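Just below is one structure, and these are the notes that go with it.
These numbers were taken from a predicted model, which means no experiment stands behind them. Excluded from the calculations below are hydrogen atoms, water molecules and symmetry mates; all remaining heavy atoms, backbone and side chain alike, are included. In the text below, chain A, chain B and the rest are named by the order of the sequence lines, each starting its count at 1.
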Amino acid sequence: MFNLSSLVQKAQSLIDPTQALNLSASDRNPAKSTLFRHQFRLPDSQTPLQEITAELTISPPIQYSPNATQGEKDRDRDRGYHYAGKLHLSESYLCFSTQPTSFLQTASTSTSSGFTGQTHGAGPGGNGFTLPLCAIRRVERLHSQSYQFALAITTWNGISNNSANETSKTPAYQQKITIQLAGSRQACERFCDGLKRGLKSGVGDVGKLKRVVAECYSEYLLQGDGKKSGEPPDAGLGMLFRYPGDARKLRDRSKMRLWGEYLRENGRNVTLIRQPTFHKLIRVGLPNRLRGEIWEQTSGSLFLRLEHPTQYAETLAKYEGRDSLAIDEIEKDLNRSLPEYPGFQSEEGIGRLRRVLTAYSWTNEEVGYCQAMNIVVAALLIYMSESQAFFLLSTLCDRLLPGYYSTTMYGTLLDQRVFESLVEKTMPILWEHLVKSDVQLSVVSLPWFLSLYINSMPLVFAFRVLDVFFLEGPKVLFQVGLAILRINGEELLDATDDGAFISVLKGYFSKLDESAHPTSTNAKLRAVTRFQELMVVAFKEFSGITQSSISEQRMKHKDTVLNSIESFAKRTSIRNLGPDSKRLSTDDLGALYDRFYAILYERQMRSQMIQEETERRMKASKARAAEVVNGLGETQSVEKGRVGLGPSPTLMDYDGFREFLAGIARWAITDSPTPPEKDPASDRDKHSYFGNSVRRREVSLSPWGAGNPEPADHEFMQRLFRRWDVDMQNALTLQNVVTGIAHIKGKGDIMGSITYFFELYDDDGDGKVDREGILRISEALLFLSRRGLEGSLTPSTSMTGLSEYEAGNGGQTDGPQGTTNERFLSSVSAFIRRCFEYADPDHPQNQEAPGDSGHTDTPDPSALDVGEDSDEEEDLLDLGPEASPKRGKKSTGLPSNPPASGKQENGNQRSVSKAQAEAANAALDPSKPLHITLPTFRMVVLADELLEQFFESSFPASFRISDKLTPPGPASSSSSLTTFSNIGFNRASAASSQAASIVGSSAAGVVPPGKGLRGVLDNIVTDGMRVAAEVRRRMDEAQKELEKNAVHRPGDDEEDEEEGYDGTHTSSTYGGDAERRSVRSEDRDLLEGADAEAMSIRGQEGVSEVKTSTLSPTTPTSAEPGRARSISTATQKVVEFEQ
Amino acid sequence: MAEATAPKPSSSVKLVLLGEAAVGKSSLVLRFVNNDFQENKEPTIGAAFLTQKCNLPTRTIKFEIWDTAGQERFASLAPMYYRNAQSALVVYDLTKPTSLIKAKHWVAELQRQASPGIVIALVGNKLDLTNETSSSNPLGEDGDGEAAEGEDADGDARKISTAEAKSYAEEEGLLFFETSAKLGTNVTEVFTAIANAIPETSLKGARGPGASQASAGRTEDQSRVNLTGPRDNASKEGCGC
Ligand SMILES: Nc1nc2c(ncn2[C@@H]2O[C@H](COP(=O)(O)OP(=O)(O)OP(=O)(O)O)[C@@H](O)[C@H]2O)c(=O)[nH]1
Ligand SMILES: [Mg+2]
């Protein structure tokens, strides 16, 4: 099980959203495929299919010579550079790196071993290449003596250059690389087979490749020799508004020349091969026009673009004209992005910025837009086209800066924490000083990370940091940050407050272009700028800061950071809940918050697991390797719903609401749980961490989660849901729930509570509840009370009183009885009766009430005769033609469930059944449309002590929020019920299916959906005998229980009982009725099996006597006597009307 | 205490600015600190820190100003900036109704989470976008009521009446101003009023009481991203002047 407090923290999203950080599962034990993709900067579609040790030989470009002899070819091969490393094959890429692969040992699975290394997804730091298979033009198997197995690969290098000359297909610079595979013959063959397959499927992508490559400036740069033709590709706003910085000072020209040479020899964009020079050239700063392309290449966003070359344009087109919060936020910042750069004071620049940010916000709505993205994108747009910037932004948000721009900014906060811990580790004295002076490091460092130093340093220097960042990954941000502090260490130690601290750094950044050693006599040393010094310190002194040390730190601090975000979110969210929330205590609000989001979170997790499980089963036949990989991928996503990570669901649908209620109210737990599909042996706390699919199998497929109580689904709950759903979105927000609960629990006044209930059933809001509604109300009352009543019901007193009364009337009662629950049943039955007594007739025209199919035949005359004492119950309760043959023995009753204890016995059935009969009679008679109004309802409720208590305290109290009373565990609370449901209920529902549906849609829990009152009764009768034994046992238990209680609680209700008894004259008539008694004993038998329903009957039997007591003068209501009188008159009236 | 010729006592006051994005927090600070205004001010990332002195007849207050980022998702960072703050400027844009709602949230958060006794000023900025300022008649704290009444003239971008905001401020016990960072209307007045409202006691000995009070509330925020570990507040006193 999840422990609630941690769960709690997982829920929520008031702050706003984030994207998946995948920290937990993937960082603890990162999926091989993730590491693979990170190292080679590949799109998520790629998985490592094969790998083999190999040696790469890069020959200088040769002129195309198809007739070269084998000897010449060998010579070429020997002439080039050689690199030993590993060759990898994915679905669409062939990758090589000299750096040990970044796969952790733990990432390996049974399918393949040999994935080791420490780079931990650091990026393509090593020498090698990442070659899309569609960029391979030809692969030849070389037959040489020196190598067992060698491949010569010819690429489409420079493919766009011969567009004019399509036929020749001969690139100006043919790129050819040779790879010797080292491995067993079979391994080599297998690799080659895989490669062949990949090449075949890659053929179709050559068109895409051409298109993508055409947007790369290198293609233009390397175009033939001499004059260039055509327009250069878009290399950013810099082409229109100049690039920042002084090109001469930046030695842009000579850098460009060096790059031209490098690219000519080593391939460009997709066919680029990384050799040591490549890294060096990047460290000294990229030339303006190539900068965007190299960023794209090193970050891997180029491959994303290759995958969907048109995605940017399509996204814009698709969402054209649509509005969103993100767009509003973007608009606010458009004019505030690098305003010092002239391009962003122009419509052109602003337009580009707007489009890129907007397009991204649509593709990742969870992130949307975060301030700082405007600055970063503005910077990118100086050097690259819109489409390139779009994909680079995706790469940034999804991979390089995970969680930075999310709605909780989780990644940012976490990395600040990591940065602090690195400072503490590497510069303990400075750290000590910071702590002592109470200086908040993140105040200065947070913007460094969030906007990639772009608005901290002068632009030209920030771009140089970016050059390295895209190549080497996020660790660069840490290295540079640490270097800044190290270099300024002395001065920072003198700074004793935030202000001084900040101004030291401000000063430093403004002098980055100055000499680092202005006073040195060594001219060479004097020439070193502060920025150069910074780079050296960052990458030499802090070379120990690696991707893996950062990942480790992230793991360490992750929970603390998430927890604090979540508790902040909770606090904020609770504070903003509005005036209604003031009616609840802070504890209650906190508990509601926790429960609300816990349920959303759990439900999300469950549906995800169920879905995954289904998928897993479906693809059980798939290739094993692929499955393992997929399994791992899914595992990562499991963590996604955690609040701190970003947007989690905020809306609770009806099913979630049911689950929510089941967690806070006993009555909302179903009586008939669906039997578990499989044994609930799932260990759910482990699922997010394990990476192997075998354990997953244990995941329970129950939609309610293993071990959770299965919620009921009663009409009352639906009404409550609709009532709370004030925004009519068919789902509830936390606000809705809090408001809903506050209205029930927070009022503490009975009138409010009664009104609330009445309104729930006044569907059209006209202040009237019709017959149907009355029946539904009573059903709801029984539904709500079937597990007993809560709060200050003082069951002891009432019960004792009852017992004493019984004792005094031994002749009439022969069973132990009178638990609160039973009495409540009788109250409800009295309630119905009174409702009908007081009801106002509707318009005479509305004669036929719909849905009373059981009454299509002529009403039994006795049924019409509602006069006080006149009826036999059998007659009163017109069971209609479908009634079972045993119906004569059946007592009337409303369906209800037994109290949780399930051991009640009852007596006084006669009067109950009478009342019941009357009620049912009136209720069932379609020829008398009628309704009650709120005042009537109120009066009827107040006329009954138990009902009054119900509305005053037990109903509000049945919602248990933060008190510890919360439902006994799911298992225990339902276990007492299962017997019932299993024995009686299911049968009952089956049998009753033919029964006429009187109360249309009474839902499960009490009455199976669609089964009417009578249907239930029938079933009780039918099934009763079978379970007689069981009932008897329970009755004995109940009796013992009762006696025990009686001893403890002296009663004082006797008077009431007497009074009431006189007051209504009902029970006396039936007091000695032999038949009734026999019915009763019959019922008792029925009871046993029919559980809930049967119980209710019994309870009702005792009702009227108890009920009458409530009319006694001692009842708090002042209008008592008058009401008693009016009851009879009302009844009279009804009778007259009927006649 | 020390009066006449003796140099006026000087103390530091930590002030934090909160409010929705683009309401003009940074612009207010820039106006106060540099008496300058930039049409396209970059959004604040995280927070910015500035200082400025404010001369009162009897003493000098040195404001340590924390200007925070306004976007909703930066809200979780705010506690590390308002930690220990003795005063706060909660800013809204009087042409944007949502910004006042956000401002109210901030006020509520400060009242519950910040140092007890924090002095809060509610500030409606961009007064220049309404008509009544064309008279360049800086509204005193008291004259606002009337000004709000006659404001339905065309072209008036005002969406939040002075009366509405003012009555809210009174309810919550906040100082209240309407300002224009662009024109400089009422800007120094806000800061001066805050300086005056800071109780003498929390100034004496720099941050004596203020700091100790704040440290109680801080434990809660410590888990935030900021530097953790027990801090010695007293060490800060020295740097006040
Ligand atoms: N007309 C007018 N515009 C203003 C005023 N104050 C600020 N602005 C403009 O409003 C925009 C936002 O101003 P900022 O000061 O950056 O707003 P901020 O509250 O600091 O925004 P964040 O840092 O994003 O939270 C800028 O374009 C300002 O020029 C004002 O008094 N009048
Ligand atoms: Mg700002």
| field | Check: B:Lys41 main-chain N/O paired with A:Arg336 side-chain donor or acceptor under 3.5 Å | value | yes

| query | When you measure from the side chain of A:Gln440 to the backbone N and O of B:Met80, does any donor-acceptor pair fall under 3.5 Å? | reply | yes

| A:Glu424 versus chain B, heavy atoms under 4.5 Å apart: side chain, backbone, both or neither? | neither

| field | Over 12 non-hydrogen atoms of neighbours within 6.0 angstrom of CD in A:Glu331 | value | yes

Below 4.5 Å, heavy atoms only, C-beta onward: do [X] and [Y] meet side chain to side chain?
| X | Y | value |
| --- | --- | --- |
| B:Trp66 | A:Val443 | yes |
| A:Asp497 | B:Glu64 | yes |
| B:Phe74 | A:Leu450 | yes |
| A:Tyr410 | B:Arg73 | no |
| A:Arg571 | B:Arg112 | no |

| query | Out of A:Ser421, A:Pro447, A:Ala500, A:Ser451, which one racks up the most heavy-atom pairs below 4.5 Å with chain B? | reply | A:Pro447

| query | Any Lys/Arg nitrogen of A:Asp438 or B:Arg83 sitting under 4.0 Å from an Asp/Glu carboxylate oxygen of the other? | reply | yes

Please output the side-chain donor-acceptor pairs of residues 22-30 of chain B that fall under 3.5 Å, not counting sequence neighbours, one pair per line with the distance.
unit_1  : atom_1 : unit_2  : atom_2 : d
B:Lys25 : NZ     : B:Gly19 : O      : 3.0
B:Lys25 : NZ     : B:Glu20 : O      : 2.9
B:Ser26 : OG     : B:Thr44 : OG1    : 2.7
B:Ser26 : OG     : B:Asp67 : OD2    : 2.5

| request: Please report the C-alpha distance between A:Thr408 and B:Ser76 in whole Å, then the side-chain angles of each, then the deciding distance to 0.1 Å, and finally whether the side-chain contact (heavy atoms from CB on, under 4.5 Å) criterion is met. | output: CA-CA 7 Å; A:Thr408 61; B:Ser76 61; 5.7 Å; no

| If you check every heavy atom in residues 91-102 of chain B against those of chain A, which residues fall under 4.5 Å? | B:Lys96

Listing, residues 369-378 of chain A side-chain donor-acceptor contacts under 3.5 Å, not counting sequence neighbours, or none:
unit_1   : atom_1 : unit_2   : atom_2 : d
A:Tyr369 : OH     : A:Asp333 : OD2    : 2.7
A:Tyr369 : OH     : A:Asn374 : OD1    : 3.4
A:Gln371 : NE2    : A:Asp333 : OD1    : 3.4
A:Gln371 : NE2    : A:Asp333 : OD2    : 3.2
A:Asn374 : OD1    : A:Ala372 : N      : 3.0
A:Asn374 : ND2    : A:Ser337 : OG     : 3.0

Interatomic spacing from [atom1] in [X] to [atom2] in [Y] - rounded to 0.5 Å:
| X | Y | atom1 | atom2 | value |
| --- | --- | --- | --- | --- |
| B:Ile65 | A:Asp498 | CD1 | CG | 13.5 Å |
| B:Leu77 | A:Phe568 | CG | CZ | 8.5 Å |
| B:Glu42 | A:Leu338 | CD | CG | 5.5 Å |

| note | Contacts of B:Glu170 meeting side chain to side chain contact (heavy atoms under 4.5 Å, CB included) (sequence neighbours excluded), chain-then-number -> B:Lys166

